[in-house]
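To keep things clear, I will list the structure first and then write my remarks on it.
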Amino acid sequence: MRTYLSIVLIHLLGGMFLASCKHTSKEVQASNDSINVVFKDYGNAPAVLNIDEYSVSNTNFRTTLWTGEKLQVTLMSIPAGGEIGLELHPHTEQFLRIEEGVGKVMMGDTQDSLSFTQTVEKDFAVFVPAGKWHNIVNTGDKPLKLYSIYSPVEHAHGTVHKTYEESEAAEH
């Protein structure tokens with residue numbers, strides 16, 4: 001009798017454990033499915049965002065996601081064959097992380113001497129020191145999705161550039 005009760009108890013507890021695991025799994029799945037991506041500049045307020053979801057969902061060339069006093073996060077979507085564009089930030093350091101796609105990073109001390117080149121793809125990070133000329137070209141056949149962190153801030157709060165051409169016009 002004692003063995004029978006133990007088996008029943010183990011079965012019942014095991015069933016409740018499995019039921020709770022299934023419930024938890026559904027909750028996690030539901031929360032993952034219900035990520036609400038709202039493109040706006042969330043800075044300078046506290047924010048917690050799924051940067052991967054935002055980066056991959058962004059279709060604009062540039063979208064500012066968070067602008068603080070000393071730091072800024074932008075999302076970028078570079079079309080196949082497109083580029084960020086050769087640029088120099090004399091006093092700004094930059095971190096870029098590739099979320100989707102394949103590209104080529106080029107950096108150097110002058111715009112005519114980009115001696116550092118590296119192929120990048122998903123999960124690669126690029127560190128651009130202040131004062132370095134740099135560019136990233138999309139060498140793949142789908143958009144290159146990335147996010148960039150600037151310190152100090154590089155773009156005005158709320159900046160959105162739908163295309164490279166729109167970005168170039170705004171810069172000049």
Side-chain angles (χ1 to χ4, degrees), residues 31-32 35-172:
S31 68
N32 286 343
I35 292 173
N36 189 17
V37 176
V38 176
F39 289 103
K40 68 176 189 173
D41 194 327
Y42 289 86
N44 188 19
V48 176
L49 305 169
N50 183 324
I51 193 69
D52 185 57
E53 277 295 320
Y54 274 81
S55 299
V56 171
S57 299
N58 176 53
T59 58
N60 293 319
F61 177 76
R62 179 180 292 112
T63 303
T64 57
L65 185 61
W66 194 89
T67 303
E69 291 180 32
K70 299 177 183 170
L71 183 97
Q72 182 173 57
V73 177
T74 65
L75 309 171
M76 297 191 80
S77 180
I78 314 302
E83 63 183 300
I84 288 178
L86 186 59
E87 58 186 3
L88 171 74
H89 308 298
H91 307 289
T92 300
E93 294 180 327
Q94 192 173 6
F95 165 91
L96 303 102
R97 185 170 192 280
I98 310 301
E99 294 295 319
E100 276 188 357
V102 180
K104 180 180 176 182
V105 174
M106 298 160 287
M107 284 189 250
D109 292 329
T110 67
Q111 60 186 347
D112 298 325
S113 180
L114 303 176
S115 57
F116 178 89
T117 62
Q118 179 78 43
T119 299
V120 292
E121 59 188 44
K122 180 181 176 157
D123 296 334
F124 277 54
V126 178
F127 300 88
V128 181
K132 287 284 183 192
W133 285 93
H134 59 281
N135 193 4
I136 299 179
V137 176
N138 182 346
T139 58
D141 57 0
K142 64 179 187 174
L144 182 64
K145 305 284 187 150
L146 60 98
Y147 66 89
S148 177
I149 301 173
Y150 297 93
S151 180
V153 172
E154 180 67 20
H155 303 282
H157 182 277
T159 296
V160 174
H161 298 135
K162 292 184 186 281
T163 64
Y164 171 82
E165 294 76 20
E166 189 176 303
S167 172
E168 284 296 297
E171 298 291 320
H172 299 297

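All heavy atoms count here, side chains included; hydrogens, waters and symmetry mates do not.
Residues passing the ring-ring contact (aromatic ring centres under 6.0 Å, His included) test with Phe39, sequence neighbours excluded: Tyr54. Every residue two or more places apart in sequence or in another chain that forms a side chain to side chain contact (heavy atoms under 4.5 Å, CB included) with Asp52 is listed here: Asn50, Val56, Glu99. Residues passing the side chain to side chain contact (heavy atoms under 4.5 Å, CB included) test with Leu114, sequence neighbours excluded: Leu86, Met106, Trp133.
Summarising the geometry, atom NZ belonging to Lys145 is positioned 12.5 Å from atom CD1 belonging to Ile98; distances are rounded to the nearest 0.5 Å. Between atom NZ of residue Lys162 and atom OG1 of residue Thr59 there is a gap of 7.5 Å, rounded to the nearest 0.5 Å. Note: Lys40 NZ to His157 NE2 = 9.0 Å, rounded to the nearest 0.5 Å.
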Atom pairs and distances, donor-acceptor, side-chain atoms in residues 60-82, under 3.5 Å, two or more places apart:
from  : atom 1 : to     : atom 2 : distance (Å)
Asn60 : ND2    : Thr63  : OG1    : 3.1
Arg62 : NE     : His155 : NE2    : 3.2
Arg62 : NH1    : His161 : ND1    : 3.1
Arg62 : NH1    : Ser167 : OG     : 2.8
Thr63 : OG1    : Asn58  : OD1    : 2.9
Thr64 : OG1    : Asp41  : OD2    : 3.1
Thr64 : OG1    : Gly158 : N      : 3.3
Thr64 : OG1    : Thr159 : N      : 3.1
Thr64 : OG1    : Thr159 : O      : 3.2
Trp66 : NE1    : Ala45  : O      : 2.9
Thr67 : OG1    : Asp41  : OD1    : 3.4
Thr67 : OG1    : Asp41  : OD2    : 2.6
Thr67 : OG1    : Gln72  : NE2    : 2.9
Gln72 : OE1    : Glu154 : N      : 3.2
Gln72 : OE1    : His155 : N      : 2.9
Gln72 : NE2    : His155 : O      : 2.8

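A heavy-atom distance below 4.5 Å is not found between the side chains of Val120 and Leu96. Looking only at side-chain heavy atoms (C-beta outward), Tyr147 and Ile149 come within less than 4.5 Å of each other.
Of the possible polar contacts, none joining the Asn138 side chain to the Gly103 backbone as a donor-acceptor pair under 3.5 Å is found.
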- Which is it for Lys132 and Asp109 under the side chain to side chain contact (heavy atoms under 4.5 Å, CB included) test, yes or no, and what are the steps along the way? CA-CA 5 Å; Lys132 287 284 183 192; Asp109 292 329; 2.4 Å; yes
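Sorted by first and then second residue, the pairs that involve residues 92-120 and meet ring pair (Phe, Tyr, Trp, His ring centres under 6.0 Å), not counting sequence neighbours, are Phe95-Phe127. Within the structure, every pair that satisfies the side-chain hydrogen bond (donor to acceptor under 3.5 Å, both in side chains) test and touches residues 110-127, not counting sequence neighbours, is listed here: Arg97-Asp123.
Nearest heavy atom pair, residue Glu83 against residue Tyr164, reads O-CD1, 3.5 Å.
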